Amino acid sequence: MFALLRKPPKNHLHFFCIYRGLSPLTTTSPAPLPPAAADPAALASLILTSTDPRTLTQTLHCPSLHWTPQLVDQIIKRLWNHALKALHFFNILSYHPTYAHSPSSFDHAIDLAARLRDYRTVWTLVHRMKSLSLGPTQKTFAIIAERYVSAGKADRAVKIFLSMHEHGCRQSLNSFNTILDLLCKEKKVEKAYNLFKVFRGKFKADVISYNVIANGWCLVKRTNKALEVLKEMVDRGLNPNLTTYNIVLKGYFRAGQIEEAWRFFLEMKKRKCEIDVVTYTTIVHGFGVVGEIKRARNVFDGMVNGGVLPSVATYNAMIQVLCKKDSVENAILVFEEMVGKGYMPNSTTYNVVIRGLCHTGEMERALEFVGRMKDDECEPNVQTYNILIRYFCDAGEIERGLELFEKMGSGVCLPNLDTYNILISSMFVRKKSDDLLVAGKLLIEMVDRGFMPRKFTFNRVLNGLLLIGNQGLAKEILRLQSRCGRLPRQFKL
DNA sequence: ATAGGGTTAG
């Protein structure tokens, strides 16, 4: 992609837009005029449907288009689940005659390239940022480190963090806490804790550093380790705060230590510890997921007396656990109650209700809520589509699932990794050979869009294709799998 | 993008 645009035909394009009919380039195909207003949706679908990079470049470089960092970021966001298209777009604008990318757009591009595991492009972009004096910033390094960690290269991520000052980005307590958090969120708590112990003196670890590590231990259900770390914190003269207590509370619930959680909450109250909406939401959710609906309800109803109003997240927790452990009808009652009190449900709220209805087989009622969602100007998101696709397919209505998938692909809401996984596994329920062929094509498409299928998915699809005797496609997928493996991938950008 | 609460997945 870079090679293609090595010599950006700057001035030429200017003329092309004004004298469209006269340009020698029209011997191929005329570039469509860009949408009149700078509409991110229209531009994103233009980029998605374009097949000729040269024509697209001409359109996007047209002087009547007024680019801003916000517009560029909005378009990248819309193309997020089609990494190659998004990077192509970023790259075309890199050669715009007058517009220059913002640091935020660079960060997004770096994030996308890293998701493709195209580390060469990642570092090319970092250097370009540097030469334009736009970075790299601490955020840039957080993004890179996160991608390395999630690709199973935690050691590499740590090395990069330790050398970020060599790239002209200074280290700080913030960046230290960030790398610790990234490692913890990817369940590399042991590694985070070791790093913490080595550098806590140098960076002057604070209560946030300790909270991050404690939360890490909680995430792997080792609440006692979390408590140990926090005791150490207190011994060093740092005081826990409300976030610390909420982390521990959640930790108990996560580890299934329900009564310990409740005792801990009572202790918080007894000690006149400030209690906030996060505390209450944690308890409502925690009780609910183990089926203690009555206790969840009591806490939910009682929090107002404690002087704390529920948030949308609290309602979402209550509604979700009612769906799962009680009944959708009661969940919907709470939903209506929330609306009646003037709360605006968000997409999570709608998705929880929609999933609940799908789960009880009430697809049509679920679709009514999708309509209601739209009426509230809350557009169905990728999760909404994933829920509907999953349950349509589960109910044997695979055509309806595929129909929704097609709709997404048109640019409304591009499919993500989950969408592909859901759909691919649905292709095995009818045991039709055409379905298996579709599974193969979906697998190729998902890799093309920067999503890494699990080994299980590869094997499943390969077996399916061999079963129907499609050696050709199977071979293609095998090649794809070996490219996705250990070897760094280089998408020609 | 310096920490804590709601979607998910057999």
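Letters A, B, ... mirror the listed sequences (proteins, then strands); counts begin at 1. Fair warning: this is a prediction, and the values are worked out from it, not measured in the lab.
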For A:T348, which contact category applies under a 4.0 Å heavy-atom criterion: base, sugar-phosphate, or nothing?
-> base

Proximity to the side chain of A:N346 - top-ranked nucleotide from B:dG6, B:dG5, B:dG10 | B:dG6

For A:S311, report the nucleic acid contact type (base, sugar-phosphate, nothing); a contact means any heavy atom under 4.0 Å.
-> base

Looking across every strand, which nucleic acid part, if any, lies under 4.0 Å from A:K139 by heavy atom: base, sugar-phosphate, or nothing?
-> base

How many Å lie between NZ on A:K185 and P on B:dT2, as a whole number?
-> 12 Å

To the nearest angstrom, the CG-C1' distance between A:L180 and B:dT2 comes to 10 Å

Residues 193-218 of chain A vs salt bridge (Lys or Arg N to Asp or Glu O under 4.0 Å), sequence neighbours excluded, gives A:R200-A:E232

Just checking, A:R460 and A:F428: is the charged tip under 6.0 Å from the six-membered ring centre and within 45° of the axis?
-> yes

Assigned chi class of B:dG5 under the 90° convention is anti

Establish, yes or no, whether a centroid distance under 6.0 Å links the rings of A:Y385 and A:F405.
-> no

From CZ of A:F287 across to C1' of B:dG5 the rounded distance in Å is 15 Å

With sugar-phosphate meaning primed atoms plus P, OP1 and OP2, does A:L242 contact a base, only sugar-phosphate, or nothing at under 4.0 Å between heavy atoms?
-> base

What integer distance in Å separates A:L423:CG from B:dA9:P?
-> 16 Å

Listed nucleotide nearest any side-chain atom of A:I208, set B:dT2, B:dG6, B:dG10 = B:dT2

Residues of residues 377-410 of chain A with any non-hydrogen atom less than 4.0 angstrom from an atom of DNA chain B: list those, numerically ordered, please.
-> A:N381, A:Q383, A:R390

Under 4.0 Å between a side-chain N/O of A:H285 and OP1 or OP2 of B:dG6, yes or no?
-> yes

Is the A:Y245-A:F265 ring centre distance short of 6.0 angstrom?
-> no

For residues 304-330 of chain A, pull every pair meeting salt bridge (Lys or Arg N to Asp or Glu O under 4.0 Å), keeping only residues two or more places apart or in separate chains.
-> A:E329-A:R365

Confirm from the modelled atom types if A:N241 and B:dA3 form a donor-acceptor pair under 3.5 Å, side chain to base only.
-> yes

Nucleotide B:dG5, atom P - distance to OH of A:Y252 in whole Å = 17 Å

A:I179 CD1 to B:dA3 P, in whole Å, measures 13 Å

Considering only heavy side-chain atoms of A:N177, the closest of B:dG5, B:dA3, B:dT2 is B:dT2

Determine whether the aromatic ring centres of A:F287 and A:W262 lie less than 6.0 Å apart.
-> yes

A:L249 CG to B:dG6 C1', in whole Å, measures 15 Å

Give one of base, sugar-phosphate or nothing for A:N174, where a contact means two heavy atoms less than 4.0 Å apart.
-> base

Which listed nucleotide (B:dA1, B:dG5, B:dT8) is nearest to the side chain of A:R355?
-> B:dT8

For atom CG of A:D181 and atom C1' of B:dA3, their distance in whole Å | 7 Å

Select base, sugar-phosphate, or nothing to describe what A:I319 touches, counting heavy atoms under 4.0 Å on all strands.
-> nothing

A:V278 side chain, from C-beta outward: closest of B:dG10, B:dT2, B:dG5 | B:dG5

Hey, does A:V284 reach any base, or is it just sugar-phosphate, or nothing, if we go heavy atoms under 4.0 Å?
-> nothing

Close side-chain approach of A:H127 and A:P136, heavy atoms under 4.5 Å = no

May I ask you to say what A:N421 touches in the nucleic acid, namely base, sugar-phosphate or nothing, with a heavy-atom cut-off under 4.0 Å?
-> nothing

Check every strand shown and say whether A:T314 touches a base, only sugar-phosphate, or nothing at a heavy-atom separation below 4.0 Å.
-> base

Under 4.0 Å between any heavy atoms, over every strand shown, what does A:E146 touch: base, sugar-phosphate, or nothing? Just pick one.
-> base

Are any of the side-chain heavy atoms of A:L71 and A:T68 separated by less than 4.5 Å?
-> yes

Verify the contact: side-chain N or O of A:K324 to OP1 or OP2 of B:dG6, cut-off strictly under 4.0 Å; return yes or no.
-> no

Counting N and O atoms only, with roles assigned by atom type, does the side chain of A:S163 sit under 3.5 Å from a partner on the main chain of A:K159, one being a donor and the other an acceptor?
-> yes

